[in-house]
Each structure stands twice: as structure tokens, then as C-alpha cells.
2 protein chains.
Amino acid sequence: MSASERRIQEILEKLKGKYFRITPQRYAILKILVESDEHPSVEQIYKEVKAQFPTTSLATVYKTVTLLKEINEVLELGFHDGNNRYDGNRPYPHPHVICTGCRKIMDPELAALDELSREMARKTGYKINSHRLDFFGLCPACQKTG
Amino acid sequence: MSASERRIQEILEKLKGKYFRITPQRYAILKILVESDEHPSVEQIYKEVKAQFPTTSLATVYKTVTLLKEINEVLELGFHDGNNRYDGNRPYPHPHVICTGCRKIMDPELAALDELSREMARKTGYKINSHRLDFFGLCPACQKTG
DNA sequence: GTAATTGCAAATGGTTTGCAGCATC
DNA sequence: GATGCTGCAAACCATTTGCAATTAC
């Protein structure tokens with residue numbers, strides 16, 4: 001059993017435990033989110049699900065993504081320009097490196113961030129619960145293209 | 001001449017140099033942005049400008065804020081939940097600490113970030129141009145309120 | 001005087017919502 | 001069989017846009 005398969009099973013159990021129903025659409029959306037490391041948008045998920053279940057509606061994709069976000073199994077990368085992306089692999093805050101050319105998103109390793117959170121809490125008196133760190137630039141491919 | 005007054009003059013010169021006109025509404029919006037350290041929203045700016053110029057429209061506030069953003073004199077803190085905030089004091093990327101209770105935003109000092117940018121560039125091959133770092137939590141006042 | 005800006009109202013577009021019919025459990 | 005889910009269409013709402021009248025220069 002692969003890591004993705006195991007993760008899918010875990011999430012299914014979590015849903016069942018909360019008496020949410022496992023519909024074919026939900027299963028398909030969950031699978032796409034967990035198996036992709038492209039940080040897909042709702043639109044991309046929609047397109048993929050439709051290939052399997054042509055009657056699927058955008059509303060269902062939104063509802064399912066929101067559900068998975070609420071049970072903390074998907075991280076939403078909200079962009080105010082309306083191209084939100086979703087991470088079903090690492091549903092906890094972590095940094096992203098985002099290409100402003102092709103919109104590719106990577107997950108770099110960066111251990112120092114938790115220490116920064118603690119430092120911010122100490123300096124400001126805030127109780128820090130979460131964070132968001134994005135680096136913007138051009139990926140190697142887009143640098144060549146000009 | 002205070003620091004804000006100096007900054008306002010600088011931005012006015014920049015606008016004149018680009019043949020943008022200094023209308024009373026623009027001047028008022030600019031002044032609000034530079035003199036506030038509350039990271040005001042468009043709605044808040046609108047309310048304040050209206051006190052001086054009652055016929056001012058929201059569209060004008062949007063247009064002016066966009067203009068100031070484009071000449072790199074205002075930093076937009078876009079939030080995908082539709083409560084964008086604007087920083088007219090430090091129009092370059094810098095971290096923010098955001099209260100999820102009352103929406104208060106602070107600007108903590110954090111020198112280590114440029115080094116992180118370079119580290120990301122090295123690790124990923126991206127050419128990093130910009131970044132965004134937000135910490136979310138409860139400010140001291142909201143911690144007491146519960 | 002000319003060209004830019006304002007302010008109104010309408011359009012936009014991603015996301016959410018109401019609800020009737022359907023599927024899961 | 002009861003309840004939750006789907007899919008449709010309409011509603012939402014911050015922001016943008018078109019345009020005629022106004023104003024800065």
C-alpha cells in the first residue's frame with residue numbers, strides 16, 4: 001500500500017467517523033487532491049473529476065474541498081486574484097515557492113520557521129496559531145523563456 | 001517637517017513626474033495611507049475620505065490605491081476572504097502579525113527573511129523577486145476577551 | 001483647451017447558497 | 001427509510017469597467 005493510498009484510507013475513516021457519506025464524487029476529489037503534488041485549483045480538480053463523472057458540478061467540488069479543509073486534511077492557498085490552490089499532501093502551514101510565470105508551486109524544506117513563529121509570539125505578545133509564507137519568482141523554465 | 005509629511009511630498013513629486021494629476025481626493029487618500037499605521041482597508045479609507053469629500057466614490061478609492069500600488073508606494077495585503085488591507089508606510093515585502101479576532105495588524109522586525117529568500121533561491125533554482133509572510137493568532141487584547 | 005479623473009451604474013467572476021431530486025448508509 | 005449529498009440556477013460581493021461630466025494643468 002503506497003503512502004497516498006494509506007493517506008486516502010485515513011481520510012475516509014475520518015469522514016466515516018464524523019458520519020459524512022463517501023460518494024463517488026467525494027472519493028474522486030479526495031484522490032485527486034492526495035495524489036497530486038501540483039497544488040491543483042478547483043477548476044483543475046473539476047476538470048479531472050468530470051472525466052470520470054461527467055455530471056459533477058463545480059458546486060460539489062467547492063463543497064468537498066471546503067469539507068476537507070474543515071477537517072484539516074487539505075491546506076488552502078488562497079490568492080486574492082482568484083486562483084486558489086489546494087494542498088492535500090501537507091495540510092499544515094508550510095512555505096511555498098510560486099512561479100509568477102507559469103504558476104507552478106513547490107514545497108521547499110525550511111525548518112527555521114517554527115522558531116520564527118515563537119520569536120514573533122515573544123516579541124509581539126500575540127498567541128500565534130498559524131502562518132503563511134510564500135516566495136514569488138520565476139522558476140528555472142520560465143527564466144529561460146524570458 | 002515630519003517623516004510622514006516628507007514621504008507624502010516624495011510621493012506627490014513621483015506622481016507629478018509621471019504626469020498624474022493631484023486631485024483633492026487623491027491627496028486625501030494618499031495622506032490617509034501614509035499617516036495611518038493601521039493597514040486600512042479600502043472601506044476604511046473610503047469612510048475617512050468621505051468625511052472630507054462627501055461625493056467621493058468607492059471606485060475612486062480603488063483606482064487611487066491601485067495607482068499607488070503600481071508606482072510601488074503602497075503594499076497590498078490581499079486576503080482571499082475579501083478584506084484587503086494596505087500599507088502606505090512600508091511599501092516593500094515585510095512580515096505581518098495578524099489578529100484573527102479583531103483584525104489588528106502589526107509589523108514586527110525580522111531581519112532573517114532576506115537570508116531565507118536567498119536560501120530558497122539556492123535550493124529551488126527559482127529567481128525570487130518577492131515574498132509574503134503572515135503570522136496569524138490572537139493579540140493580547142483578544143486573548144483576554146476569550 | 002486638452003487630456004486625465006471623477007462618480008455613477010452596470011458588469012465581472014470566483015464562490016456560496018437554496019432547493020428539489022437522488023444516493024448513501 | 002431517513003438524512004445527507006448532488007447539481008442546477010440564482011445570489012453574493014468585492015472589485016473593475018464604460019462613459020459622460022468635470023477638473024487639473
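Proteins come first, then strands; the chains are lettered A, B, ... in the order of their sequence lines, and each starts at number 1. Only heavy atoms go into these numbers, but all of them, side chains included; no hydrogens, no water, no symmetry mates.
The base of C:dG7 lies close enough to the side chain of B:Lys63 for a donor and an acceptor atom to sit less than 3.5 Å apart. Counting atom types as modelled, B:Arg26 pairs no side-chain N or O with a base atom of C:dT5 as donor and acceptor under 3.5 Å.
Salt bridge A:Glu119/A:Arg122: absent, no basic N to carboxylate O contact under 4.0 Å. Between A:Glu76 and A:Arg85 there is no salt bridge, since no side-chain N of the basic residue sits under 4.0 Å from a carboxylate O of the acidic one.
Rounding to whole angstrom units, CD1 of residue A:Ile29 and P of D:dC5 are separated by 12 Å. Rounded to an integer number of Å, the gap from A:Glu70 CD to C:dT16 C1' is 13 Å. As a whole-Å value, the separation of A:Phe79 CZ from C:dT15 P is 12 Å. As rounded to whole Å, 14 Å separates atom C1' of D:dT17 from atom CG of B:Leu58. Distance NZ (A:Lys47) to P (C:dG14): 13 Å, rounded to an integer number of Å. Rounded to whole angstrom, the span from the CD1 atom of A:Ile22 across to the C1' atom of D:dT3 amounts to 15 Å. What separates OH of A:Tyr46 from P of C:dT16 is a distance of 16 Å, to the nearest Å. Taking atom CD of residue B:Glu13 and atom P of nucleotide D:dC25, one finds them 12 Å apart after rounding to whole Å.
Toward the 5′ end of DNA chain D lies the nearest nucleotide of A:His80, the other residue of the pair B:Lys16 and A:His80 mapping further downstream. DNA chain D is contacted by both A:Gln25 and B:Tyr62; A:Gln25 maps to the nucleotide lying nearer its 5′ end (nearest heavy atom per residue).
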- Query: Would A:Gln9 and A:Leu12 satisfy side-chain contact (heavy atoms from CB on, under 4.5 Å), going step by step from the backbone distance to the final call?
  - Reply: CA-CA 5 Å; A:Gln9 289 310 317; A:Leu12 288 176; 4.0 Å; yes
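Residue contacts for B:Pro24: at a heavy-atom cut-off of 4.0 Å it reaches the sugar-phosphate backbone alone, with no base atom in range. Among the atoms of the strands shown, only primed sugar atoms or phosphate atoms (P, OP1, OP2) are found under 4.0 Å from some heavy atom of B:Phe20. At the heavy-atom level, B:Glu43 lies nowhere under 4.0 Å from the strands shown. Residue B:Asn83 is classed as having no contact, given no heavy-atom separation below 4.0 Å to the nucleic acid.
A distance-only check finds no donor-acceptor pair linking the side chain of A:Lys50 to the backbone of A:Thr55 [under 3.5 Å].
Comparing D:dA2, C:dA3, C:dG7 by their nearest atom to the side chain of A:Arg21 picks out D:dA2. Comparing C:dT15, D:dA24, C:dC25 by their nearest atom to the side chain of A:Asn84 picks out C:dT15. Taking only side-chain atoms of B:Thr23, from C-beta outward, the nucleotide of D:dA24, D:dG4, D:dG7 with the closest atom is D:dA24. The listed nucleotides are D:dT15, D:dC25, C:dT15; the one nearest the side chain of B:Val42 is D:dT15. Each of D:dC5, C:dT17, C:dG7 was ranked by its minimum atom distance to the side chain of A:Ala59; first place goes to C:dT17.
Around the CD atom of A:Glu115, the shell of radius 6.0 Å holds more than 12 heavy atoms that belong to other residues, nucleotides or ligands.
In terms of phosphate contacts, B:Ser57 brings no side-chain nitrogen or oxygen within less than 4.0 Å of OP1 or OP2 of C:dT6.
Taking the centre and axis of the six-membered ring of A:Phe79, the NZ or CZ atom of A:Arg132 falls inside the cone set by 45° and 6.0 Å.
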